[in-house]
Amino acid sequence: MSDCVDILGMLVKCSNFAAVKHSTQRRKDPAKTPYINHPIGVAYILTEEGGVRDASVIMAAILHDTVEDTDTTLDEIKKEFGHQIAGIVAEVTDDKALPYDERKRLQIVHAPTSSREAKLVKLADKLYNLRDLEKATPEGWSDEKVAEYFKWSSKVVEGLRGTNRQLEASLDEIFSRHDL
Ligand SMILES: Nc1nc2c(ncn2[C@@H]2O[C@H](COP(=O)(O)OP(=O)(O)O)[C@@H](OP(=O)(O)OP(=O)(O)O)[C@H]2O)c(=O)[nH]1
């Protein structure tokens with residue numbers, strides 16, 4: 001019972017941390033959805049659709065964009081949430097100092113050798129973003145960029161396969177709608 005309480009407390013702490021860090025950010029959709037909807041939604045895909053019950057994976061999903069997209073450091077994540085969660089967050093964090101094409105190339109390269117935990121977060125992240133992309137075109141994106149994103153995502157997902165049947169099946173449905 002005390003373990004449960006601890007996990008619950010940690011989950012709320014993660015949610016609050018991410019909400020504070022992303023508080024001024026919006027998604028790129030025309031409705032300018034609050035950014036926090038994305039990490040919460042990624043965590044929800046994992047529990048609800050992927051059947052994932054590993055609390056470290058769910059916490060890392062909630063925190064997954066804090067280092068990449070806010071002033072959060074990995075040391076801060078380690079201090080607040082421990083080295084295991086910090087490790088997963090590190091694996092799913094792109095180095096925004098690198099040129100765009102290189103960042104995207106490295107995701108394809110790193111996918112197959114990622115930990116199972118990081119692969120789960122990546123699968124749910126891609127599923128969420130591709131669903132968003134089917135619903136609305138992000139502001140400033142050309143049709144070519146949208147098509148390129150679907151194609152690139154399918155290459156990243158190739159390297160994540162064999163991790164979660166349900167999430168991969170949902171991604172495959174999306175890819176087949178786009179002839180991938
Ligand atoms: N489809 C979609 N994406 C949006 C929206 N708002 C923000 N994003 C974010 O945009 C990122 C993809 O945009 P890009 O132009 O390719 O990349 P960049 O922002 O990292 O430079 C994703 O980052 P990411 O989560 O780090 O994932 P990844 O693409 O690097 O895997 C996604 O979360 C939206 O309304 N729709």
Side-chain angles (χ1 to χ4, degrees), residues 14-15 17-19 21-46 49-50 57-74 77 85-86 88-115 117-161 163-164 167-168 170-175 177-178 180:
C14 284
S15 305
F17 184 92
K21 291 291 191 176
H22 290 297
S23 64
T24 61
Q25 298 175 328
R26 295 289 178 274
R27 297 286 285 171
K28 298 168 184 168
D29 58 336
K32 296 186 174 22
T33 304
Y35 198 86
I36 190 63
N37 285 29
H38 170 64
I40 298 282
V42 169
Y44 189 53
I45 285 173
L46 286 165
E49 301 180 47
V57 172
I58 305 308
M59 292 180 206
I62 294 169
L63 297 167
H64 83 274
D65 272 337
T66 55
V67 175
E68 188 174 306
D69 293 330
T70 79
D71 63 2
T72 308
T73 64
L74 280 171
I77 299 285
I85 290 168
I88 304 169
V89 173
E91 282 192 87
V92 301
T93 296
D94 284 0
D95 180 357
K96 283 271 180 100
L98 295 174
Y100 181 89
D101 287 352
E102 179 63 357
R103 274 196 280 129
K104 297 296 178 190
R105 188 187 72 80
L106 286 175
Q107 280 208 35
I108 298 170
V109 172
H110 289 153
T113 55
S114 301
S115 67
E117 290 83 358
K119 284 179 179 173
L120 284 166
V121 175
K122 274 278 160 205
L123 283 168
D125 188 24
K126 290 288 174 285
L127 188 49
Y128 187 104
N129 284 335
L130 294 174
R131 283 174 175 166
D132 255 11
L133 215 44
E134 285 196 323
K135 274 187 253 161
T137 300
E139 286 181 339
W141 285 34
S142 62
D143 290 349
E144 193 189 7
K145 171 148 179 167
V146 172
E148 198 46 50
Y149 192 90
F150 277 105
K151 200 167 144 195
W152 166 77
S153 297
S154 73
K155 290 183 190 162
V156 178
V157 168
E158 268 317 300
L160 304 172
R161 288 187 187 279
T163 306
N164 184 287
L167 299 186
E168 289 161 46
S170 296
L171 282 157
D172 283 337
E173 275 178 38
I174 294 177
F175 294 141
R177 278 200 288 279
H178 297 269
L180 291 165

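Order of appearance sets the numbers: ligands from 1, and atoms from 1 within every ligand.
Few gaps surround CZ on F175; more than 12 heavy atoms of other groups in view lie less than 6.0 Å from it.
Each of R103, E102, K104 was checked for a side chain to side chain contact (heavy atoms under 4.5 Å, CB included) with L106, and the lone residue meeting it is E102.
Contact between K96 and ligand 1 is present, with at least one heavy atom of the residue lying under 4.0 Å from the ligand. By the 4.0 Å heavy-atom criterion, K145 is counted among the residues contacting ligand 1.
In terms of polar-atom proximity, defined here as any N/O pair under 3.5 Å, W152 makes no such contact with ligand 1. Where the criterion is an N or O separation shorter than 3.5 Å, residue side chain and backbone included, H64 fails it with respect to ligand 1. Note: no N/O pair closer than 3.5 Å links D69 and ligand 1 by distance alone. By the 3.5 Å distance cut-off applied to N or O atoms, Y149 is counted among the residues near ligand 1.
Those atoms of ligand 1 that come under 4.0 Å of a heavy atom in Y35, given as number and element, are 33 (O).
Of the listed options P138, G140, A31, P138 places a heavy atom closest to atom 36 (N) of ligand 1. Taking all heavy atoms of K104, H38, Q107, E68 into account, the minimum distance to atom 17 (O) of ligand 1 is reached by K104.
Using a 4.0 Å cut-off between heavy atoms, W141 contacts ligand 1 through its side chain alone, with no backbone atom that close. At a heavy-atom distance under 4.0 Å, only side-chain atoms of D65, from C-beta outward, approach ligand 1. Within the 4.0 Å heavy-atom criterion, the part of D125 lying near ligand 1 is the side chain and not the backbone.
Between I174 and E134, some side-chain heavy-atom pair lies under the 4.5 Å cut-off. Residues V92 and D125 are not in side-chain contact: their nearest non-hydrogen atoms beyond the backbone lie 4.5 Å or more apart. Taking the side chain as every heavy atom from C-beta outward, K126 and L167 never approach each other to under 4.5 Å. Looking only at side-chain heavy atoms (C-beta outward), K135 and D29 stay at 4.5 Å or farther from each other.
With K119 contributing its side chain and P112 its backbone, the two residues share a donor-acceptor pair below 3.5 Å. At distances below 3.5 Å, at least one donor-acceptor pair connects side-chain atoms of E68 with backbone N or O atoms of D94. At least one donor-acceptor pair under 3.5 Å links the side chain of Q25 to the backbone N or O of D69.
Nearest protein neighbour of atom 18 (P) of ligand 1, counting heavy atoms only, is R103 NH1, 3.8 Å. Nearest non-hydrogen protein atom to atom 31 (O) of ligand 1 is K126 NZ, 2.3 Å. The protein heavy-atom contact nearest to atom 16 (O) of ligand 1 is Y100 OH, 2.7 Å. Considering only non-hydrogen protein atoms, atom 35 (O) of ligand 1 sits nearest to D29 N, 3.1 Å. In this structure, the protein non-hydrogen atom closest to atom 3 (N) of ligand 1 is R27 NH2, 3.4 Å. Looking at atom 11 (C) of ligand 1, its nearest protein heavy atom turns out to be K28 NZ, 3.7 Å. The protein atom (non-hydrogen) at minimum distance from atom 27 (O) of ligand 1 is N129 ND2, 3.3 Å.
The distance from atom CG of N37 to atom NE2 of H22, rounded to the nearest 0.5 Å, is 11.0 Å.
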Task: Candidate pair S114 and K122, rule side-chain contact (heavy atoms from CB on, under 4.5 Å), full reasoning - done: CA-CA 10 Å; S114 301; K122 274 278 160 205; 5.8 Å; no
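Aromatic ring orientation, H178 versus F150: parallel (interplanar angle below 30°, classes split at 30° and 60°).
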